[in-house]
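Computed from heavy atoms alone, side chains included, the values below leave out hydrogens, waters and symmetry copies. Note that the structure is a prediction, hence the values are computed from the model and not measured. A note on names: the letters A, B, ... follow the listed sequences, proteins ahead of strands, and every chain is numbered from 1.
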Protein chains: 2
Amino acid sequence: MEYTVLVRMNEKLFLRDPESSELGRRIVRQGILLMADIGFEEMTFRKLADRINTKEASIYRYFENKHRLLVYVVAWYWQWLEYQLIFQTNNLPDPREKLERVLKLLLLKDVSSFSSQPVADELDIVALHGIVIREASKAYLTRHITEDNRQQLFKPYKDLCSRIAGIILEYRPDYPFARSRASSIIETAHYQAFFMQNLPSLTDFGSKPNETPSPENDERLLRFLQHLLFSSLETDTF
Amino acid sequence: MEYTVLVRMNEKLFLRDPESSELGRRIVRQGILLMADIGFEEMTFRKLADRINTKEASIYRYFENKHRLLVYVVAWYWQWLEYQLIFQTNNLPDPREKLERVLKLLLLKDVSSFSSQPVADELDIVALHGIVIREASKAYLTRHITEDNRQQLFKPYKDLCSRIAGIILEYRPDYPFARSRASSIIETAHYQAFFMQNLPSLTDFGSKPNETPSPENDERLLRFLQHLLFSSLETDTF
DNA sequence: ATCTCTTGATAGTAATACTATCAGTTATGC
DNA sequence: GCATAACTGATAGTATTACTATCAAGAGAT
C-alpha cells in the first residue's frame, strides 16, 4: 500500500514536503506517535526532535509550527479516509450499504490491514485515528480559521463531507440537509468515541473511565450511529 | 437576576472564589470578553491583567492557569443553561415541547433578557455562548481529562446531559440511547453553529464565510436539529 | 572539482507561564 | 479603636516555549 502515491498533499500545509525525505517522514510518523502519546499541547518540536535524533531547527524547516503539523496529519487522515471510502464502496450498488461502510470507517472498523502494527515506512493509522478524535477540532477551532480556510487547509475534510453527502443523496435524493448530515455524523462518531472512553456517563456505551476500548462497546456505538443516520434519512418530517 | 445565588460553583474550579470579590468578578467577566475577542490560545493572564488594571500575580491567586479559567466559565455556562432549562420547562406538560425548548436554548434563542447588553455586574451570555461554541471542547479534549473528571470539573455538563436525557425518556420511555442522544445533540448544535459561520460549505445553512449570524440561518439550523432529534426518537429501528 | 541541497550544531531572542517576596491597604474580630 | 488577618499591587525572577539566524560538514549531482 503506497501512501505517498495515494496521498498528495496541499503544498500550503508544509514548508518543505515531508514525504520528500527520510527526515520528513520521520517527523510525520514519529510526530503522530508522540502526539498520540502525550497530547497536542504537551508536544513540542524540542521533544519530537530529541525523539528522532534531530534538532528543533530541522523540524521548523518542514513545518511552520506544531499547529501546522497537526493540520497536516489531520488533513492526511481525511484524504486517506476518503480514499478508503472510494475504494471500499466502489463495487457496492446499494447506497445503504455504502452508508454502513462510511460508519464503520469512521470507527476504523474492518480496516484490517492497518489495525495492528504498521510496517516499515507506513504511518500508524490507529494512533492517527486517536489523534483525530482527540485533537482534530483544535485544527479548526481557532481564531485564524478564516485565513487557514482561504489557504484550503481544510479541503480534505470538506471533500470527505461532500462525498458522504453525495451518498446520502443517492440514498435519499430529496434529503434537504445532506451536508450538515454528513458533517454531523462524522463529528458525532468521534465525540461519542471520545466520551465512551473518557466520560462514559455521557454515553450509553462504555462503563468505567479509561477502560480499554472493547469491541462490544464499539459495536454498540456503531449501532447508535446507524440508528441516528438512518432514522434521519427515513423520516418524512423536516 | 442574581447569578451568584443561581450558580454555586464547585470549589475545585478555582483557587479563590471569583464571585467573592470585585476583582474576581472582573477577572471572570472581562476574561469572557477577552477570550471571546481574541480566542483562548491568544489570551494570556498578562493581557487580561492589563485589561482590568491589575497584575498577573493577582489573577493567579484566583485561577491556577488559563485552562482552569476556561473550565470555570464553561462550567458556569452549563449550570446557567440547566437552570434556564428547569425554569423554562417547569410548567410544560408536553415532553415534546420541553425538547423544543432544549434546542432553542442550545442556540440561545428567545433568551430575551440576556440577548443584548449585559447590565452592571452580569456577565455577557452572548459572548459566553460564543466561547462555549468555539472553545468548550478544549476544556475536556485534553490529556489530563481523567484527573479533571475525578475532580468533578465536568459535573455541570454531565448534569445538563442527564436532565436532557431525562426529558428524552419522558418523551420516549423505551429509547435505548438517551444519554448519547443528549450529549450528541448538544455537540451537534454547537458544531453546526460554528461551521455555519466559519466553514459554511460543511452545512446547508449560511452562505459566505464570516457572514454575520442571520436569524434565517439560525432558524434553518434549528429546524435541522429538530429534524435530527425527533426523527431519532420516533423511529422504531434500533 | 565545484555547486547545491540538506542537516547538524550552536546561539540567541521574545514571549509565556508561572512563583516568590514584600509593602501597603482594607476588612474583621474583639 | 486596635490588632490581626486577608487581599492587592508592585517588582523581580525562573524555566520553558516558540521560534530565528548563522555556519560548517556531508552527500549528491553536474
Checklist entry - Distance under 6.0 Å and angle within 45° of the ring axis: does B/K138 meet both against B/F40? => result no
Item to check | Aromatic ring proximity, centroids under 6.0 angstrom, B/F205 and B/F195 | outcome: no
Checklist entry - Can you check whether A/Y157 and A/Y77 have ring centres sitting under 6.0 Å from each other? => result no
Checklist entry - By salt bridge (Lys or Arg N to Asp or Glu O under 4.0 Å), which residues pair with B/K104, not counting sequence neighbours? => result B/D110
Item to check | Pair B/T203-B/Q192, side-chain hydrogen bond (donor to acceptor under 3.5 Å, both in side chains): steps then yes or no | outcome: CA-CA 7 Å; B/T203 73; B/Q192 292 292 312; 5.2 Å; no
Checklist entry - What's the CG-P distance between A/L15 and D/dC19, to the nearest Å? => result 11 Å
Could you list, one pair per line, each protein nitrogen or oxygen that sits under 3.5 Å from a nitrogen or oxygen of nucleotides 5-9 of chain D, together with the distance?
unit_1: D/dC7; atom_1: OP2; unit_2: B/R16; atom_2: NH1; d: 2.8
unit_1: D/dT8; atom_1: OP1; unit_2: B/Y62; atom_2: OH; d: 2.8
unit_1: D/dT8; atom_1: OP2; unit_2: B/Y62; atom_2: OH; d: 3.1
unit_1: D/dG9; atom_1: OP2; unit_2: B/T54; atom_2: OG1; d: 2.3
unit_1: D/dG9; atom_1: OP2; unit_2: B/S58; atom_2: OG; d: 3.3
unit_1: D/dG9; atom_1: N7; unit_2: B/R61; atom_2: NH1; d: 3.4
unit_1: D/dG9; atom_1: O6; unit_2: B/R61; atom_2: NH2; d: 2.7

Item to check | No-hydrogen, no-angle side-chain donor-acceptor test under 3.5 Å, A/N149 and A/K155 | outcome: no
Give each protein N/O atom lying under 3.5 Å from an N/O atom of nucleotides 14-18 of chain C, with the pair distance.
unit_1: C/dC18; atom_1: O5'; unit_2: B/Y60; atom_2: OH; d: 3.1
unit_1: C/dC18; atom_1: N4; unit_2: B/E56; atom_2: OE1; d: 3.3

Checklist entry - When you check the gap from the basic side-chain N to the acidic O, do B/R29 and B/E22 get nearer than 4.0 Å? => result no
Next on the checklist: So which atom in B/F63 and which in B/F45 form the shortest heavy-atom distance, rounded to 0.1 Å?
Outcome noted: O-CE1, 3.8 Å
Checklist outcome for this item: In whole angstroms, the gap separating P of D/dT17 from CD1 of A/I59 amounts to 13 Å
